Amino acid sequence: MQNEILQRTDGEVSIKDIAKFIKCNLKLIVGSAIAALLISSAYVILAPKQYEARWQMQMAQVNNNINNNSINSNSNSNNINSNSNSNSEEPAALVERLRSPTAYTTDVQQHCGMPANGEFGDYLDKRLDVQTIKNMTTAVSMKYRGASPLQAKQCAESIVSMIITQQRSLIEEQLAGRQAQLVKYQQTLTEEQRQLEKMNKSELGSLDFLTRFDKLRWLRSRIDELQEESLLSRMHPAKLISPIYMTSKPISPKVSLVLPSGILMGLMLGILFALGREGWRKVA
């Protein structure tokens, strides 16, 4: 029984033993922590710094002015019109499109720091972050990490300008077909007016006159709708809904994280080395 107590006592490490261990190896542990601190400090000083630009953008809006009547509608028909806006490009589609290096103009590539090999990877070598915004179907949130505050801001501004231009082009493409339709209606309107002017006064109350008059009124209404649609679609381009915000301090490397982590790692390595040395001495 007494031998078991002695063996258990010998196997246990007391506070006194811990204090003795620390006292004997204090220089080693502290030296390791200081060395780790110096290495961490050197990393913070020498590592490339990154500055972040953040902003939010709303997609360009296209006006959808839809008339479901045909050109042969008579005066007794009810007009069925709807007027609504839609995105020129869905946010999720923009997020996926900006993944490809070919989505960016030369101006963006220059301002965002073209790599030495002349090729970007996905999302500008992972420096650009684009995400849809929860509960918002018309906007995206964007972040860019640059080598300097100026470079990050210039890159962000060039990306915003690029998206505005690209979405304006998308709207123009969608309106191109409507423009051809507008020209056709205007030509038909001119011809109908000419035919009405040729009619005699005796024909003013005839069915042919009423039909042409109704057609004329419909054409004028449709031309007004297409012109309004074209005008309104150009009034809501892509735009910033949250201005470009620049961080005043670099986001990487993070001093508040690197230095404490370095000191902790140094202490742990010092303790492990001291334990190994103590074990080696006992074996020797």
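Excluded from the calculations below are hydrogen atoms, water molecules and symmetry mates; all remaining heavy atoms, backbone and side chain alike, are included. Positions are given from 1, in the same order as the sequence printed here. Source: prediction; values computed, not measured.
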Answer yes or no: is there a side-chain heavy-atom contact under 4.5 Å between [X] and [Y]?
{"X": "R54", "Y": "T247", "result": "yes"}
{"X": "Q151", "Y": "Y144", "result": "yes"}
{"X": "L94", "Y": "R97", "result": "yes"}
{"X": "Y104", "Y": "L98", "result": "yes"}
{"X": "T105", "Y": "S161", "result": "no"}
{"X": "R220", "Y": "Q193", "result": "yes"}

What are the two closest heavy atoms between [X] and [Y], and how far apart are they?
{"X": "G270", "Y": "S32", "answer": "N-OG, 3.4 Å"}
{"X": "G266", "Y": "A36", "answer": "CA-CB, 3.5 Å"}
{"X": "I171", "Y": "Q61", "answer": "CD1-O, 4.1 Å"}
{"X": "N117", "Y": "E119", "answer": "OD1-N, 3.0 Å"}

Inter-residue atom distance [X].[atom1] - [Y].[atom2], 0.5 Å rounding:
{"X": "I251", "Y": "E52", "atom1": "CD1", "atom2": "CD", "result": "4.0 Å"}
{"X": "L124", "Y": "M114", "atom1": "CG", "atom2": "CE", "result": "9.5 Å"}
{"X": "Q58", "Y": "K239", "atom1": "CD", "atom2": "NZ", "result": "5.0 Å"}
{"X": "N87", "Y": "T138", "atom1": "CG", "atom2": "OG1", "result": "6.0 Å"}
{"X": "H111", "Y": "Q154", "atom1": "NE2", "atom2": "CD", "result": "5.0 Å"}
{"X": "L267", "Y": "I34", "atom1": "CG", "atom2": "CD1", "result": "10.0 Å"}

So does [X] have more than 12 non-hydrogen atoms from other groups sitting under 6.0 Å from [atom1]?
{"X": "M265", "atom1": "CE", "answer": "no"}
{"X": "F273", "atom1": "CZ", "answer": "no"}
{"X": "M268", "atom1": "CE", "answer": "no"}

Indicate whether any N or O donor in one side chain lies under 3.5 Å from an N or O acceptor in the other, for Y245 and Q56. no
Can a side-chain donor-acceptor contact be found between Q167 and S88 if the only test is distance below 3.5 angstrom? yes
Main-chain N/O of [Y] paired to [X] side chain as donor or acceptor, under 3.5 Å:
{"X": "Q166", "Y": "I164", "result": "no"}
{"X": "S158", "Y": "C155", "result": "yes"}
{"X": "D125", "Y": "R127", "result": "no"}

In this structure, which one of L128, D129, L240 forms a side-chain contact (heavy atoms from CB on, under 4.5 Å) with M142? L128
Test side-chain contact (heavy atoms from CB on, under 4.5 Å), reference V140, set I241, V95, I163, output is V95
Do [X] and [Y] belong to the same hydrophobic cluster, where Ile, Leu, Val, Met, Phe, Trp and Tyr are linked whenever their side-chain heavy atoms lie under 4.5 Å apart, directly or via other members?
{"X": "L264", "Y": "I39", "answer": "no"}
{"X": "I29", "Y": "I263", "answer": "yes"}
{"X": "V130", "Y": "I133", "answer": "no"}

Pairs involving residues 158-174, ordered by first then second residue, that meet salt bridge (Lys or Arg N to Asp or Glu O under 4.0 Å) (sequence neighbours left out): E172-R234
Checking A156 now: which residues fulfil side chain to side chain contact (heavy atoms under 4.5 Å, CB included) with it, not counting sequence neighbours? A53, W55, I244
Kindly determine whether M162 and D107 satisfy side-chain contact (heavy atoms from CB on, under 4.5 Å), including the steps that lead there. CA-CA 9 Å; M162 179 193 73; D107 183 65; over 6 Å; no
